[in-house]
Amino acid sequence: MTSQETVDHKYVYDFAEGNRDLKDLLGGKGANLAEMTNLGLPVPPGFTITTEACQAYLATGREPDGLAGQIEAHLESLERGMGRRLGDPHDPLLVSVRSGAKFSMPGMMETVLNVGLNDRSVVGLAAQAGGNERFAWDSYRRLIQMFGKTVCEVPGEEFEHALDEAKRARGTTSDLDLDADDLRGLVDAYKKIFLKHTGRDFPQEPREQLDLAIRAVFESWNAERAVLYRRQERIPADLGTAVNVVAMVFGNLGPDSGTGVAFTRDPASGAQGIYGDYLANAQGEDVVAGIRNTVPLQDLERLDKRSYDELLDIMARLEGHYRDLCDIEFTIERGKLWMLQTRVGKRTAAAAFVIAGQLVDEGLIDLDEALHRVNGAQLAQLMFPRFQLDHDFEPVARGVGASPGAASGKVVFTSARAVELAAEGEAVILVRRETNPDDLNGMIAARGILTSRGGKTSHAAVVARGMGKTCVSGADEIDVNVPAKRFTVAGQTVHEGDVVSIDGTTGKVYLGEVPVTPSEVVRYFEGTLDPHEADDALVKAVHRIMTHADAARRLAVRANADTGTDAARARRFGAQGIGLCRTEHMFLGDRRELVERLILARTDTERADALAALLPLQRDDFVEIFREMDGLPVTVRLIDPPLHEFLPPLEQLAVDVAVAQERGEDVAKEEALLAAVRRMHEENPMLGLRGVRLGLVIPGLFAMQVRAIAEAAVRVTRDGGSACPEIMVPLVGAVQELETVRAEAEKIIAEVVGDSGVEVLIGTMIEVPRAALTAGQIAEAAQFFSFGTNDLTQMGWGFSRDDVEGAFFWRYLELGIFGISPFESIDRDGVGRLVRIAAEEGRAARPGLKLGVCGEHGGDPESVHFFHSVGLDYVSCSPFRVPVARLEAGRAAVETVGSDSR
Ligand code: ADP
Ligand code: MG
Ligand code: MG
C-alpha cells in the first residue's frame, strides 16, 4: 500500500453502513449491531473500528495512519446525532468501548462503559438526569473500575474490596443501598487505587480515555487467556478484534430502568419459550457478574409491560430474520427499551438438533439447512452416557479425557480378571499403568479403562476411542500396583472389587458409584427406541435429520469391525459394510500357541501343520462376520503386524528361561522362543517385516488366510446367505508385491469358490507414500484401494504415532505447526495430497476403481468432508462413529465449499 492508500483506507463504519455479512471486518457484535440498526430496531447510535485496524495496530504497535481522523469524524457525527458532546461538563455524551471479534469469545476480551466521565462532567450528568447524583457517581465509579482493570491492569479485586468496604460501612450487602455520598467516597477510593497501581491520576481527558480504551481492546486480542481460548476453539490467531464505540444508555437510572439478557428459545433443551434474566437499576455487566440476584425475564411483564411486549416482539422479529435461536442483551432506560447486542446463540448439542427440527416445522429453514446447522461433534456428544452429578461427588484424581463417556464398575487389574468378572455379569473398570495389545480382551470386557500413564494417543486411548469405550488415561495421581491388586490415590487405597467411576469426557475419577444415564440417541440408533413413539423431542429431531443426511450423502459409510459382535453393532448403527476387518486378533488368546509353532517351525511340514490348525479357526471367525454382514461387503485385511508382536517380551522370556534352568526343568521351547525373539528383534517395527512383506516371506501364511476367507464365504452362501468378501493386502509399496500375492490368491479362490457364485475382490491398502505416488501402476493389479491414513500419516510425516505425542506434539500444537494432531484430522496439504494423487491416478488407470478409507480419520468430521471432496466411495470408521460419519457425509453433500458452521 502506498501511504496515500493507507490514509484513504476505511477503518471506521457507522452502524448504518454495516450488515451481518461483514463479520470478518466488523466482528460479530459490530455486524449484528449494524444489522439491527438497519432493521429499524432501537439500537443506540455508534460506530465500529474494523478488525483491519486492529491487525495493523498489532503488526506495527501503533494505530494505522488515518484511523485517528476517521474516529474523530465519526465521533463528531455521533455527537451531532445525540446533541451532546464527549466531555461536555454540562451535558456529556458517554460511550462504551466494546471488543467484538468474528467468533464470539465469551469473557475473553474487554469492554469499558461510561467513557467520557470525569470530575466535571459527572456533575453535568447528574444535573441532566434530573439531579440524580447517585446515578452519576455510580456511573463514574464503574468507569474507573472498568478502565483501571481492563486498560491499566489494576487488579480487579482491589476495586471489589473497596466496594465491599463501602457496603460494610453502610451495613448492607446490596450496592443499591449505597447513596450518592457513599459512591462519591468510593470514586475517591478508586482513584487512589488507580494512582497506586499506575503511578498516574485517572485520566480526565475524555478523548484520551477513548483512545486508551480502544488500544486496550486491540491489545486484549493477544491476552494470554484469549490466546489459549482461540487455540482450544481453533480460532485463527490473526483475525484481530473490532472495536465498537456505542452511545451509552443507562439501566442504572432508577427502578424504572434496568438491564437483561434473553434467549429466543431455551439454549439447553431447545424448548420454545421465554428464557432470560433481568436486573432492575443496573448496568449491563452486573447481570453477568452476578453481583445481585436477577429475576426471571417473565417478571418484566409486571415491572414494565410496555417494554416487555416490545422486547418479545423484537425477539420474534430477530428469530424470523436470523432464522435461528438468537441471544440478546438489552437495557431499559426510564421505560425506553434499547437493544445492545444480538447474535445467533450458542446452544447445547441437544438443543442444536431440537431447534433445527423446530425451525423446519416452522417453515423458517429447509432440511438441508437443518443438516448444516448440526454437526458430528454434537451428535457424538449425545451418544455418550452421562453421569448424573446432582449429588455431591468429588473427584479423587484427574487424567486425560481420552475417550468420552461415563462408566462405573468394579476395579480389576488384569485382562483375564476383567473377562472373568464380565462373564459373571459384573461391570468392571480395567485399571492399568498403561495398556498393551494383550489387554485387548479385557478392554473389550470392561465398561471403562483407567490408566495412570499416557496421553490422548496412548494405546489405551486410541483403542478405547476405536471401541467407543470410556477411557481416562494418564491419571498420574493414581499409583497402580498390579501384583498387589490395588491402587492408591489421595491417601486412599482401592482394592480389586472396589467400585470407581470415570468420566472420559472430563478425565475425572470418582470413588464409588456415580449414577449414569444412558443415551437415548444410542437407544434410537440401536433400534430399541422408536422415534415415532418416543415423546422425546431430541430423538425425533435426530431421526429426522439423520434420515435427510442419509438421503443426501454420496459417501457410503462402513465400519471397522473385527468380530461378529462388532459387525452386528455396526450394522445397527447403519454401516453399509465393513471397510476394515483386521485379522490379527485371530492370532491372539489361546491361538498364540499355534502362532508360536508357526514361528518356530523348522521344516515345511511343521509350518504347514501350524497353518492348517489355524485355518478352521479363522474360517469360523469369518463365517460369523459374513453372516452378520449378510449381503454387504466385508473388507478383510491380511495379517499386518510383525509376528514378534505375538511372542512374549524378551525380558520375560529371559527370566523364564533362567528360572526354569535353575530348577533343572526342560527349557528347550523357551530357549527356542528366546532365540526367535532375539532374531526377530527390529529397531523400527513399524518399518520392518510386516504387511505384504510377511506374506512374501512366510510361505503359506497369506494362502491360509485367503483360503479361510474364501471357504467361509462359500459356506455362508451355500447356507442361503450372501457373502461379499474383499481381500485387502496391507503395506503395498510396489505393484509387483501386489501382483505376486494376487496370483497366488486367485488360484486358491478359483479352487475354493468353484461354481458357488461367490465373488472375491482383491485390492490393496494405500498407506505407504510410494503406493500413493505409483497408484496408476498399482491400480492395474487392484480391484479397490483403501487408504490407510494412519500409516500414511506416520510415513508421510516420518514419525511413529506411539512415540511422538508425548515427545513433541504439544510443542508443535503450541507453535501452530499443527492446528490439530494429524492423527485426529487428516493433514489436507500433505497426506491429503497423497490421497488425492492416488485417487486421481488410480481412477485414470482403472475407471470406476472403488476407493475408500479406513482408519480413525474415517470418523472425523473434518476429514469426512475432505474425503467427500476427493471423490471417495466410502469411509470406514469404528462402529460407534458410524452415525457421526453418516451425518457429516450428508452435511458435506449439502454444504457449499467454505461455509462456516461455527
Ligand atoms: P461482552 O462481549 O462481554 O458481552 P459487551 O460489549 O456486550 O461485552 O458489554 C458488556 C455489558 O455492557 C453488556 O451487558 C452490554 O449490554 C453493556 N453495554 C455495552 N454497551 C453499552 C451501552 N452503550 N449502553 C449501555 N450498556 C452497554
Ligand atoms: Mg455482550
Ligand atoms: Mg496400516
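In each ligand, atom 1 is the first atom listed, and ligand 1 is the first ligand listed.
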Do Leu239 and Arg230 make a side-chain contact, defined as non-hydrogen atoms from C-beta onward lying under 4.5 Å apart?
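They are not in side-chain contact.
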Salt bridge flag under 4.0 Å for residues Glu319 and Arg265:
yes
With heavy atoms under 4.0 Å as the rule, classify the contact between [X] and ligand 1 as side chain, backbone, both or neither.
| X | value |
| --- | --- |
| Gln283 | neither |
| Ser99 | neither |
| Val261 | neither |
| Val249 | both |
| Glu329 | side chain |

The Mg ion (ligand 2) to nearest N/O/S of Thr111 less than 2.8 Å:
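No N, O or S atom of Thr111 is closer than 2.8 Å to the Mg ion (ligand 2), so no.
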For the side-chain contact (heavy atoms from CB on, under 4.5 Å) test, which of Arg142, Glu133, Arg134 pairs with Leu183?
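Checked Arg142, Glu133, Arg134 against Leu183; only one passes side-chain contact (heavy atoms from CB on, under 4.5 Å): Arg134.
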Do you know which of Asp177, Asp179, Asp164 makes salt bridge (charged side-chain N to carboxylate O under 4.0 Å, His left out) with Arg170?
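Only match with Arg170 under salt bridge (charged side-chain N to carboxylate O under 4.0 Å, His left out): Asp179.
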The single option from Asp327, Asp266, Asp324 that satisfies salt bridge (charged side-chain N to carboxylate O under 4.0 Å, His left out) with Arg347 is Asp324
What I want to know is whether [X] and ligand 1 share at least one N or O pair that is separated by under 3.5 angstrom.
| X | answer |
| --- | --- |
| Leu340 | no |
| Ala247 | yes |
| Thr331 | no |
| Thr259 | no |

Quick check against the 3.5 Å criterion: does Gln70 have a side-chain atom that pairs as donor or acceptor with the backbone of His9?
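At least one qualifying donor-acceptor pair exists.
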Please work out whether the ring planes of Tyr278 and Phe330 are parallel, tilted or perpendicular, with thresholds of 30° and 60°.
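Ring orientation, 0 to 90° scale: parallel.
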Out of Leu113, Leu94, Val243, Leu279, the nearest non-hydrogen contact to atom 18 (N) of ligand 1 is supplied by Leu113
Which atoms of ligand 1 sit under 4.0 Å from any heavy atom of Gln341?
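Numbered from 1, ligand 1 contributes 4 (O), 7 (O).
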Can you sort out which atoms of ligand 1 are near Ser96, meaning under 4.0 Å from one of its heavy atoms?
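The atoms of ligand 1 under 4.0 Å from a heavy atom of Ser96 are 19 (C), 20 (N), 21 (C), 22 (C), 23 (N).
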Centroid-centroid distance, His161 to Phe159, less than 6.0 Å
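When the ring centroids of His161 and Phe159 are compared, they turn out to be at least 6.0 Å apart.
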May I ask you to establish whether Arg62 and Tyr57 are in a cation-pi arrangement, using a distance under 6.0 Å from NZ or CZ to the six-membered ring centre and at most 45° from the ring axis?
no
For the Mg ion (ligand 2), what is the closest N, O or S atom on Glu329?
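The Glu329 atom nearest to the Mg ion (ligand 2), restricting to N, O or S, is OE2.
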